[in-house]
Amino acid sequence: MAHDGHDGHGEPDRHDEHAGHDEPEGHGGHNKHDKHGGRDTHEDHGGHDKHEGHSPGMFRDKFWLSLLLTVPVVFWSGHIQDLLGYRAPAFVGSEWIGPILATVVFLYGGLVFLEGARRELKARLPGMMTLISLAIAVAFIFSWVVQLGVLDAQPLWWELATLVTIMLLGHWIEMRSISQAQGALKELAKLLPDMATRVTDAGEESVPVSELRDGDVVLVRPGESVPADGLVRKGASTLDESMITGESRPVKKGEGDEVIAATINGQGALRVEVTGTGENTKLSGIMRLVADAQQSKSRAQHLADRAARMLTWVALAAGVVTFVVWQLLGAPIDFSIVRVVTVLVIACPHALGLAVPLVVAISTTLGARNGLLVRDRRGLEEARTLDTVIFDKTGTLTLGEFRVVETTVAGGSSEESALRVAASVESESEHPIARGILKTAEERGIDVPPVADFRSITGKGVAASVEGTDYHMGGPALLEAEDAEVSSVLQDAADRAAQRGQAAIYLLRGGRALAVFAVADGIREESREAINALHERGVQVAMLTGDAQAVADAVAEELGIDMVFAQVLPDEKASKVRELQAQGRKVAMVGDGVNDAPALATADVGIAIGAGTDVAVEAGDIVLVRSDPRDIPRIVTLSRATYRKMVQNLWWAAGYNILAIPLAAGVLAKWGILLTPAVGAVLMSASTVIVAVNAQLLKRTRL
């Protein structure tokens with residue numbers, strides 16, 4: 001069918017604005033790093049994981065056994081007995097309880113730190129593990145030198161044992177916090193069923209999910225998890241996709257709709273044709289993106305890394321100065337060594353090293369669970385500074401499909417009844433505008449009656465009988481052919497539609513126009529909320545489109561958009577981004593991730609909307625699982641909340657060390673205030689716990 005007037009009101013073909021786009025050679029992940037200033041290879045080299053091969057369980061086990069061995073060391077320590085005024089039982093060999101058990105604690109519990117120091121020194125980047133190892137090694141060697149009678153001083157057995165034990169506790173807490181943050185998303189993998197019901201010509205069979213192949217048809221019963229990505233071939237139901245997309249409401253699914261592995265079926269049974277299994281599912285793709293994002297480093301992480309390395313050298317220098325000064329002041333050598341050990345322990349950049357990575361792990365997981373996939377950490381960090389967001393119109397702010405945007409009726413008929421009849425007349429047509437009228441009626445919950453005697457009027461429109469009455473639908477050519485009577489009210493409405501670049505479609509009965517429908521690319525219901533939310537955050541909104549100026553202005557006026565760039569060809573979109581950047585603006589580009597790739601790559605933050613885990617993600621710093629523009633202000637909220645937590649943690653960690661090192665060195669010794677290595681370890685661990693708890697509070701952020 002060809003409605004004269006359906007295509008002739010300034011509404012270009014949906015694909016024109018993206019036609020002829022060629023993705024630039026080499027575009028992808030490398031461009032993202034280049035636009036943010038490039039990756040520092042030295043920095044990346046230095047970012048080796050200090051806990052590589054470690055696990056919370058390992059630190060837990062080492063802590064409990066070390067604690068068990070440390071208790072008798074402390075109990076039989078002469079220093080502790082004098083301090084607390086008691087006497088431990090004495091027996092043959094009791095004097096060796098401290099040396100032997102403390103040595104076991106050093107070799108068993110301290111080995112993990114010594115191995116970490118070896119890796120740091122091999123990489124020529126001494127850090128936290130180096131400081132811890134130096135502290136416990138100095139205490140261990142010094143204590144044995146004293147124990148063997150080489151020096152006349154007090155050994156540090158109880159200090160050594162408690163130091164190692166407390167350090168193990170601190171690292172257990174750290175590893176547990178990071179593991180919990182990273183493991184939240186991994187829990188999604190457990191939603192995948194082990195078995196699936198495959199439908200074959202011979203009937204149904206239960207098979208392991210690992211045996212499913214593309215093209216297989218599986219039966220998903222009510223309450224079951226979808227075993228693989230696929231397309232619904234039979235049945236209708238609602239699916240809980242909240243764990244993948246963050247959408248809290250059940251999503252209706254029918255024939256031809258896409259379903260995602262690990263989502264949960266509602267009340268209806270579905271037959272699904274498998275399109276992706278194993279590593280090719282969207283769930284696996286999301287988990288890969290999250291893992292990559294948690295490993296990518298933001299500017300704040302590089303700052304924390306540099307600060308931690310600098311603090312390491314400061315601590316080493318402070319240790320040397322502390323020893324020399326106390327010796328020059330005539331202090332006993334064991335006193336000086338205790339001061340050095342305390343300085344090395346308390347200065348460990350433990351909290352500083354945890355300040356950013358834990359926030360990164362939590363924010364990335366929080367984003368993913370809300371449908372925001374962070375592909376490059378630097379993109380999320382930049383989002384807090386945005387002052388302008390550019391949307392591609394078609395398919396982003398709008399549906400990319402026709403809808404009735406205004407209905408005007410003549411006489412006593414209601415808009416709903418007019419749309420009901422129009423949708424019925426158009427129900428057997430395949431024309432995009434006809435489908436848009438029918439879809440509008442369905443979305444408004446209007447019951448569309450069956451049609452009879454449907455016929456196409458070439459070049460003019462269609463005709464059909466609805467509930468025994470003949471109607472015509474079409475544009476101006478149909479009016480002329482039918483010599484139809486059009487009231488001034490309907491003519492004014494048609495003229496307004498034409499001025500906005502919208503198609504005006506008439507409903508006729510008996511040579512008289514009953515209603516006129518303004519048909520255009522339908523605006524997403526979520527777009528208004530998204531733009532209002534961005535304005536509340538102080539961010540201006542611009543729109544890019546290949547459509548005519550009148551069409552673009554109509555959409556912009558309805559949504560409250562601040563800037564409009566109309567009739568923009570695909571290869572001109574990036575230049576519009578640069579134009580705004582030249583004005584000093586921080587710009588995010590929101591597009592489909594494929595046709596808008598040059599603009600996405602040029603923007604300060606590229607956001608691919610509705611691209612899921614397809615190849616299109618290469619174009620964006622952030623990928624939205626849902627085609628929902630309301631996720632854009634959520635990105636800004638997450639970015640600002642994440643940055644606040646990073647800054648809070650960095651200030652706490654750095655400020656703690658600035659105050660703690662002089663205290664550990666003994667600057668208040670004149671007033672009788674001295675810290676033991678064990679107390680230093682407690683304070684250092686407490687600082688780490690505070691940073692970890694503060695990072696966990698990020699989970700309370702409402703996106």
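Counting from 1, the numbers follow the sequence of the chain as shown.
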Trainee: Inspect the surroundings of CD in Gln267 and state if more than 12 heavy atoms from other residues, nucleotides or ligands are less than 6.0 Å away.
Mentor: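 No, the 6.0 Å shell around CD holds no more than 12 heavy atoms from other groups.
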
Trainee: Indicate yes or no: at least one non-hydrogen side-chain atom of Phe391 is less than 4.5 angstrom from one of Val541.
Mentor: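 Yes - at least one pair of side-chain heavy atoms lies under 4.5 Å apart.
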
Trainee: Using side chain to side chain contact (heavy atoms under 4.5 Å, CB included), reason through Asp553 and Glu557 one step at a time and then give a plain yes or no.
Mentor: CA-CA 6 Å; Asp553 288 342; Glu557 181 180 355; over 6 Å; no

Trainee: What closest approach, in Å, do Ala552 and Thr545 show between heavy atoms, and which atom pair accounts for it?
Mentor: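 Looking at all heavy atoms of both residues, the shortest contact is CB-CG2, 3.6 Å.
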
Trainee: Considering all heavy atoms of both residues, which atom of Ala513 and which atom of Leu490 are nearest to each other, and what is their separation?
Mentor: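 What the structure gives for the nearest pair is O-CD1, 3.4 Å.
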
Trainee: Looking only at atom types and distance, does a side-chain atom of Asn532 sit under 3.5 Å from a main-chain N or O of Arg528, one as donor and one as acceptor?
Mentor: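 Yes, the answer is positive, given that a donor and an acceptor are paired below the 3.5 Å cut-off.
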
Trainee: Roughly how far, to the nearest 0.5 Å, is CE of Met563 from CG of Leu544?
Mentor: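 Here the interatomic distance stands at 10.0 Å.
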
Trainee: Is it true that Arg403 and Asp521 have a side-chain N and a carboxylate O under 4.0 angstrom from each other?
Mentor: no

Trainee: If we count only N and O atoms by modelled type, under 3.5 Å, do the side chains of Thr277 and Arg213 hold a donor and an acceptor together?
Mentor: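 Arg213 and Thr277 do not have a side-chain donor-acceptor pair below 3.5 Å.
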
Trainee: Closest heavy-atom contact between Val217 and Arg271?
Mentor: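 Heavy-atom minimum between the residues: CG1-CB, 4.2 Å.
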
Trainee: Can you tell me how far OG of Ser456 sits from NE2 of His431, rounded to the nearest 0.5 angstrom?
Mentor: 10.0 Å

Trainee: Does the pair Val274 and Val218 meet the rule for a side chain to side chain contact (heavy atoms under 4.5 Å, CB included), with working shown?
Mentor: CA-CA 7 Å; Val274 175; Val218 295; 4.1 Å; yes

Trainee: Please check if atom CD in Glu525 has more than 12 non-hydrogen atoms from other residues, nucleotides or ligands closer than 6.0 Å.
Mentor: no

Trainee: Would you call Lys439 and Glu401 a salt bridge, using N to O less than 4.0 angstrom?
Mentor: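 The answer is no: the pair does not qualify as a salt bridge.
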
Trainee: Any Lys/Arg nitrogen of Asp604 or Arg585 sitting under 4.0 Å from an Asp/Glu carboxylate oxygen of the other?
Mentor: no

Trainee: Atom CD of Gln491 and atom OH of Tyr506: how far apart are they, to the nearest 0.5 Å?
Mentor: 4.5 Å

Trainee: Is it the case that Arg435 and Ser429 place a side-chain donor and acceptor less than 3.5 Å from each other?
Mentor: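 No, because no side-chain N or O of Arg435 sits under 3.5 Å from a partner of the opposite role on Ser429.
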
Trainee: Report yes if some heavy atom in the side chain of Phe517 is under 4.5 Å from a heavy atom in the side chain of Leu507; otherwise report no.
Mentor: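 Answer yes - side chains close enough.
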
Trainee: Would you indicate whether Glu416, at its atom CD, is surrounded by more than 12 heavy atoms from other residues, nucleotides or ligands within a distance under 6.0 Å?
Mentor: no

Trainee: With no hydrogens and no angle check, do the side chains of Ser427 and Ser424 hold a donor and an acceptor under 3.5 Å apart?
Mentor: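 Judged by distance alone, the side chains do not pair up.
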
Trainee: Please assess Arg640 against Val636 for the test side chain to side chain contact (heavy atoms under 4.5 Å, CB included), listing each intermediate value before the final yes or no.
Mentor: CA-CA 6 Å; Arg640 291 175 180 176; Val636 176; 3.4 Å; yes

Trainee: Only pairs at least two apart or in different chains count here, so list each salt bridge (charged side-chain N to carboxylate O under 4.0 Å, His left out) that has a residue in residues 466-479.
Mentor: Arg420-Glu467

Trainee: Under the 3.5 angstrom rule, does the side chain of Asp628 hit a backbone N or O of Arg630 as a donor-acceptor pair?
Mentor: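 Present.
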
Trainee: When you look at CG of Asp483, are more than 12 heavy atoms from neighbouring residues, nucleotides or ligands closer to it than 6.0 Å?
Mentor: no

Trainee: I need the Leu397 CG to Asp392 CG distance, nearest 0.5 Å.
Mentor: 8.0 Å

Trainee: Any donor and acceptor pair, going by atom type alone, linking the side chain of Thr398 with main-chain N or O of Ile523 inside 3.5 Å?
Mentor: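 Flag not set: sc Thr398 to bb Ile523 has no pair under 3.5 Å.
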
Trainee: So which atom in Pro227 and which in Val220 form the shortest heavy-atom distance, rounded to 0.1 Å?
Mentor: CD-CG2, 4.0 Å

Trainee: Is Leu419 close to Arg444 at the side-chain level, that is, under 4.5 Å between some pair of heavy atoms?
Mentor: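 In contact.
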
Trainee: Compute whether any side-chain donor of one residue and acceptor of the other, for Asp495 and Gln499, lie under 3.5 angstrom apart.
Mentor: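 Looking only at side-chain atoms, Gln499 and Asp495 do not form any donor-acceptor pair under 3.5 Å.
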
Trainee: Please find the pair of heavy atoms, one from Ile457 and one from His472, that lie closest to each other, and give the distance.
Mentor: CD1-CD2, 3.5 Å

Trainee: Within the side chain of Thr602, is there an N or O that forms a donor-acceptor pair under 3.5 Å with the backbone of Val577?
Mentor: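 Pair absent, no side-chain N/O of Thr602 close to backbone of Val577.
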
Trainee: Should the heavy atoms of other residues, nucleotides or ligands under 6.0 Å from CD of Glu443 be counted, would the total exceed 12?
Mentor: yes

Trainee: Minimum heavy-atom separation for Glu204 to Val199, with atom names?
Mentor: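 That would be CG-CG2, 4.4 Å.
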
Trainee: Run the numbers on Arg233 and Glu255 for salt bridge (charged side-chain N to carboxylate O under 4.0 Å, His left out), then give the verdict.
Mentor: CA-CA 5 Å; Arg233 291 306 180 206; Glu255 292 185 20; over 6 Å; no

Trainee: I'd like to know if the side chain of Thr440 and the backbone of Gly436 have a donor-acceptor N/O pair within less than 3.5 Å.
Mentor: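 Checking the backbone N and O of Gly436 against the side chain of Thr440, a donor-acceptor pair under 3.5 Å is found.
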
Trainee: Check whether any side-chain N or O of Glu558 sits under 3.5 Å from a backbone N or O of Val555 as a donor-acceptor pair, and report yes or no.
Mentor: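 Such a contact is absent between Glu558 side chain and Val555 backbone.
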
Trainee: Can a donor-acceptor pair be found, under 3.5 Å and without considering hydrogens, that links the side chain of Arg537 to the backbone of Ala533?
Mentor: yes

Trainee: Roughly how far, to the nearest 0.5 Å, is CZ of Arg509 from CG of Leu514?
Mentor: 5.0 Å

Trainee: Using only heavy-atom distances, determine whether the side chains of Gln540 and Asp387 contain a donor-acceptor pair under 3.5 Å.
Mentor: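 Per modelled atom types, Gln540 and Asp387 side chains form no pair under 3.5 Å.
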
Trainee: Does a side-chain heavy-atom distance below 4.5 Å link Val425 with Val462?
Mentor: yes

Trainee: Should Ile390 and Val587 count as side-chain neighbours, where that means a heavy-atom distance under 4.5 Å?
Mentor: yes

Trainee: Less than 4.5 Å apart, side chain to side chain, heavy atoms only: is that true for Leu508 and Leu478?
Mentor: yes

Trainee: Around atom CD of Glu480, are there more than 12 heavy atoms of other residues, nucleotides or ligands at under 6.0 Å?
Mentor: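 No, because the 6.0 Å sphere around CD of Glu480 holds 12 heavy atoms or fewer from other groups.
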
Trainee: I want to check something: taking the side chain as every heavy atom from C-beta on, are Arg221 and Asn265 in contact at a cut-off of under 4.5 Å?
Mentor: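 Result no, sub-4.5 Å side-chain heavy-atom pair not found.
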
Trainee: Check whether Arg198 reaches the backbone of Ala196 with its side chain - one donor and one acceptor, N or O, closer than 3.5 Å.
Mentor: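 Checked: no pair found.
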
Trainee: Measure the CG-CD distance between Leu239 and Glu258 for me, rounded to the nearest 0.5 Å.
Mentor: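 Output value for this atom pair is 11.5 Å.
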
Trainee: Counting only N and O atoms by type, is there a donor-acceptor contact under 3.5 Å from the side chain of Asn370 to the main-chain atoms of Leu366?
Mentor: yes

Trainee: Please determine if Glu406 and Arg500 form a salt bridge, counting it only when a charged side-chain N lies under 4.0 Å from a carboxylate O.
Mentor: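 Arg500 and Glu406: salt-bridged.
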
Trainee: Side chains of Asp631 and Leu372: does their closest heavy-atom pair fall under 4.5 Å?
Mentor: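 In contact.
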
Trainee: Under 3.5 Å, is there a donor-acceptor pair linking the side chains of Thr275 and Asp229?
Mentor: no

Trainee: So, does Thr469 use its side chain to make a donor-acceptor pair with the main chain of Ser465 at under 3.5 Å?
Mentor: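 Here the side-chain-to-backbone pair does not exist.
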
